[in-house]
Amino acid sequence: MALLFGFLLIFGIILSGCSGNTSKKEETSKENTQPKNIIGQTLQTEGLHETTDNWTNMYETEFYTVDANNKIIFIQADVTDKNVDSPASQDKLLDLASPYIPKETTVLTDMQDGSGSTGYECQSGDMHFTILQADTDDDGKVDTLYISKI
């Protein structure tokens, strides 16, 4: 009887170990397919370093400002596609900003800031934010995005 109980205990441990590994693989797969740092969410600092005011990625192409609860309230990101004419269309701008904004984003209105950057006021759930584009080197191409929680 003790032998049967021992066999069942070992068999149960093996099965629980196998199922645990599958779950970890699925969780890792889900994490890799979802963007890490999105406006309004908690900042994930892996691969980032802190500067005086902001968190920046290791290549200094993305800057994040967070509130007291470590929620992202501002993102400045360099555009990697250097062939996008400025100003970009609404669809193209949303595509460029897609790694930094929630998937369920609705455009509310056009906008422009005081320095000439153009873009849109957007909403996702009860959060409002802006997406602005800039041609900082005056070459006629979008090179920087500014995403701010309102």
Side-chain angles (χ1 to χ4, degrees), residues 11-150:
F11 186 70
I13 291 171
I14 291 171
L15 284 178
S16 68
C18 290
S19 65
N21 290 341
T22 304
S23 297
K24 286 181 182 178
K25 288 179 184 176
E26 289 173 6
E27 287 175 19
T28 303
S29 174
K30 287 179 187 176
E31 288 176 10
N32 291 340
T33 60
Q34 296 176 352
K36 288 181 113 177
N37 286 318
I38 294 177
I39 193 77
Q41 294 186 356
T42 302
L43 181 70
Q44 304 297 315
T45 59
E46 182 180 330
L48 302 179
H49 63 274
E50 191 170 13
T51 60
T52 53
D53 297 339
N54 303 313
W55 285 89
T56 178
N57 77 357
M58 56 198 287
Y59 303 108
E60 298 187 2
T61 58
E62 299 168 358
F63 299 88
Y64 301 91
T65 303
V66 296
D67 63 13
N69 298 318
N70 205 33
K71 300 288 185 187
I72 302 170
I73 57 173
F74 175 77
I75 301 171
Q76 177 182 332
D78 292 347
V79 175
T80 55
D81 183 353
K82 301 297 181 188
N83 297 316
V84 179
D85 291 330
S86 179
S89 68
Q90 177 179 320
D91 290 339
K92 187 61 179 175
L93 184 58
L94 289 173
D95 183 51
L96 292 172
S98 65
Y100 310 104
I101 62 174
K103 291 184 190 289
E104 300 80 29
T105 293
T106 303
V107 173
L108 300 177
T109 185
D110 296 357
M111 64 175 308
Q112 182 173 354
D113 73 355
S115 64
S117 297
T118 60
Y120 302 94
E121 179 181 343
C122 301
Q123 180 177 356
S124 179
D126 61 352
M127 179 181 62
H128 288 250
F129 58 96
T130 61
I131 304 170
L132 296 174
Q133 58 187 317
D135 174 14
T136 57
D137 57 6
D138 295 324
D139 67 351
K141 306 293 181 188
V142 176
D143 48 33
T144 308
L145 298 177
Y146 305 100
I147 304 167
S148 302
K149 187 176 176 195
I150 300 175

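Quantities reported herein were computed from a predicted structural model and do not represent experimental measurements. Residue numbers start at 1 and run along the sequence shown.
- Between Tyr100 and the choices Asn37, Ile147, Ile72, Ile39, the side chain to side chain contact (heavy atoms under 4.5 Å, CB included) rule is met once, by Ile147.
- To the nearest 0.5 Å, atom OG of residue Ser98 and atom NZ of residue Lys103 are 7.5 Å apart.
- Taken from OG1 in Thr130 to CE in Met111, the straight-line distance is 5.0 Å, to the nearest 0.5 Å.
- A donor-acceptor contact under 3.5 angstrom links the side chains of Ser115 and Asp113, judged on distance only.
- Interatomic distance, OG1 of Thr105 versus CZ of Phe129, reported as 3.5 Å (0.5 Å rounding).
- In this structure the side chain of Leu108 reaches within 4.5 angstrom of the side chain of His128, judged on heavy atoms.
- Side-chain contact between Leu132 and Thr118: absent, with no pair of heavy atoms (C-beta onward) separated by less than 4.5 Å.
- Separation of atoms CD (Gln123) and CD (Glu104) is listed at 12.5 Å; rounding is to 0.5 Å.
- Across all their heavy atoms, Tyr120 and Ser89 have their closest contact at OH-C, 4.3 Å.
- Taking every heavy atom of both residues into account, Leu96 and Val142 meet most closely at CD1-CG1, 4.4 Å.
- Considering only heavy atoms from C-beta on, Ile38 stays 4.5 Å or farther from Ile75 through its side chain.
- Using a 4.5 Å heavy-atom cutoff, the side chains of Thr42 and Lys71 are in contact.
- Looking at heavy atoms from C-beta onward, Ser124 lies out of side-chain contact with Ile101 at the 4.5 angstrom threshold.
- Within the 4.5 Å cutoff, the side chain of Lys141 has no heavy atoms near those of the Lys82 side chain.
- Taken from CG in Asp139 to OG in Ser86, the straight-line distance is 8.5 Å, to the nearest 0.5 Å.
- Contact check for Asp78 versus Thr144: side-chain heavy atoms found under the 4.5 Å cut-off.
- Note that CD of Glu60 and CG of Asn54 are 11.0 Å apart. Values are rounded to the nearest 0.5 Å.
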Between Leu93 and Leu145, is a side chain to side chain contact (heavy atoms under 4.5 Å, CB included) present by the stated rule, with each step listed? CA-CA 9 Å; Leu93 184 58; Leu145 298 177; 3.5 Å; yes
